[in-house]
Amino acid sequence: MFSLNDSMRYFLCPGPTDMRKSFYTLSGLVTDKMELDVQSGDVFIFVNRKQDQMKILHAEEGGLVLYIKKLEAGTFRVPDFDEETKSFPMSWSDLVLLVKGIQADPDNRYKRLDVLRQNR
């Protein structure tokens, strides 16, 4: 069950992440690169170099959960990072805007494939 909400803390990993990584290697990135604790209940977001794939790692009761989003069209627009940045704190609304491709102007969105509209 999808259990992310606006009461959680979100951290975007700076720089691109190899999307072949899974639970344990992403946990290692959280510990080593981001210097955070994967078991804290926080949510960790990773984006690949082409910025068309995202993985979200979250520890909840019973184990780790990994959410994956692969865009068929368009890219995620991630914030610019200072090379010294260990992690970039985000809010729930920042994550939703990132996933949906919404910019500051809500009428102007980044390209996304809309399967629902194609099937009508």
Side-chain angles (χ1 to χ4, degrees):
M1 177 174 207
F2 193 74
S3 64
L4 303 179
N5 59 59
D6 61 354
S7 67
M8 297 174 161
R9 295 186 327 159
Y10 296 84
F11 295 96
L12 180 62
C13 182
T17 300
D18 182 347
M19 288 293 122
R20 294 174 291 180
K21 295 183 184 302
S22 191
F23 295 97
Y24 299 115
T25 47
L26 291 175
S27 295
L29 282 178
V30 171
T31 303
D32 298 338
K33 183 176 181 179
M34 299 173 74
E35 298 179 355
L36 296 168
D37 179 14
V38 75
Q39 296 295 330
S40 65
D42 295 332
V43 180
F44 305 98
I45 306 156
F46 306 91
V47 178
N48 69 337
R49 184 174 307 283
K50 293 192 315 185
Q51 297 182 341
D52 65 347
Q53 292 182 58
M54 177 186 294
K55 288 189 176 184
I56 300 173
L57 182 67
H58 171 62
E60 60 182 40
E61 188 176 325
L64 294 171
V65 178
L66 187 62
Y67 303 101
I68 303 170
K69 174 127 181 159
K70 167 78 168 96
L71 296 177
E72 294 297 324
T75 59
F76 296 110
R77 180 67 100 192
V78 297
D80 293 327
F81 292 101
D82 181 329
E83 289 187 23
E84 300 297 318
T85 302
K86 301 287 183 195
S87 64
F88 186 81
M90 298 179 70
S91 67
W92 168 251
S93 59
D94 292 336
L95 175 60
V96 171
L97 295 177
L98 179 67
V99 170
K100 296 283 188 183
I102 300 173
Q103 301 178 58
D105 175 10
D107 294 329
N108 188 11
R109 292 180 177 224
Y110 290 106
K111 183 177 180 181
R112 295 287 187 273
L113 181 65
D114 192 346
V115 176
L116 298 177
R117 288 188 186 160
Q118 290 181 349
N119 291 335
R120 291 182 191 164

Problem - Closest non-hydrogen atom pair between D42 and H58, with its separation - result: O-ND1, 3.6 Å
Fill in the blank from the handout: T75 and K50 have their tightest heavy-atom pair at CG2-O, 3.6 Å
Handout entry: Path from F88 to V99 over hydrophobic side-chain contacts below 4.5 Å
Key = yes
Handout entry: K33 atom NZ: more than 12 heavy-atom contacts under 6.0 Å
Key = yes
Exercise for the section: Tell me whether V78 is reachable from L57 by hopping between hydrophobic residues (I, L, V, M, F, W, Y) whose side-chain heavy atoms are closer than 4.5 Å. Expected result: no
Problem - Aromatic plane relationship, Y10 with W92 - under 30° parallel, 30 to 60° tilted, over 60° perpendicular - result: tilted
Completion exercise
Closest non-hydrogen contact found for F23 with V65 is CE2-C, 4.0 Å
Problem - Approximate separation, where rounding is to 0.5 Å, of T17 OG1 and I45 CD1 - result: 11.0 Å
Exercise for the section: Please examine the side chains of F76 and K69, heavy atoms only from C-beta on, and report whether any two atoms are closer than 4.5 Å. Expected result: yes
Problem - Separation of L4 CG from Y67 OH (nearest 0.5 Å) - result: 4.5 Å
Completion exercise
Nearest heavy-atom contact between S87 and L36 is OG-CD1, 3.7 Å
Exercise for the section: Please name the pair of heavy atoms, one in V38 and one in S27, separated by the smallest distance, quoted to 0.1 Å. Expected result: CG2-OG, 3.9 Å
Exercise for the section: Measure the CG-CD distance between L29 and E35 for me, rounded to the nearest 0.5 Å. Expected result: 12.5 Å
Practice task
Calculate, to the nearest 0.5 Å, the distance between atoms CZ and CG belonging to F44 and L66 respectively.
Solution key: 13.0 Å
Practice task
Could you tell me whether a side-chain N or O of K55 sits under 3.5 Å from a main-chain N or O of L26, the two making a donor and an acceptor?
Solution key: no
Exercise for the section: State plainly whether one hydrophobic cluster holds both M8 and V96, where clusters connect Ile, Leu, Val, Met, Phe, Trp and Tyr through side-chain heavy atoms under 4.5 angstrom apart. Expected result: yes
Exercise for the section: Determine, using the 4.5 Å side-chain heavy-atom cutoff (strictly less than), whether I56 and F46 are members of one ILVMFWY cluster. Expected result: no
Problem - Donor-acceptor pair, side chain of T25 and main chain of S22, under 3.5 angstrom - result: yes
Handout entry: Heavy-atom closest pair, residues C13 and M34
Key = CB-SD, 3.7 Å
Practice task
Would you give the length of the straight line joining atom CZ of R20 to atom CG of N48, rounded to the nearest 0.5 angstrom?
Solution key: 11.5 Å
Exercise for the section: Check the pair L95, M54 against side chain to side chain contact (heavy atoms under 4.5 Å, CB included), reporting the backbone distance first and the verdict last. Expected result: CA-CA 11 Å; L95 175 60; M54 177 186 294; 4.2 Å; yes
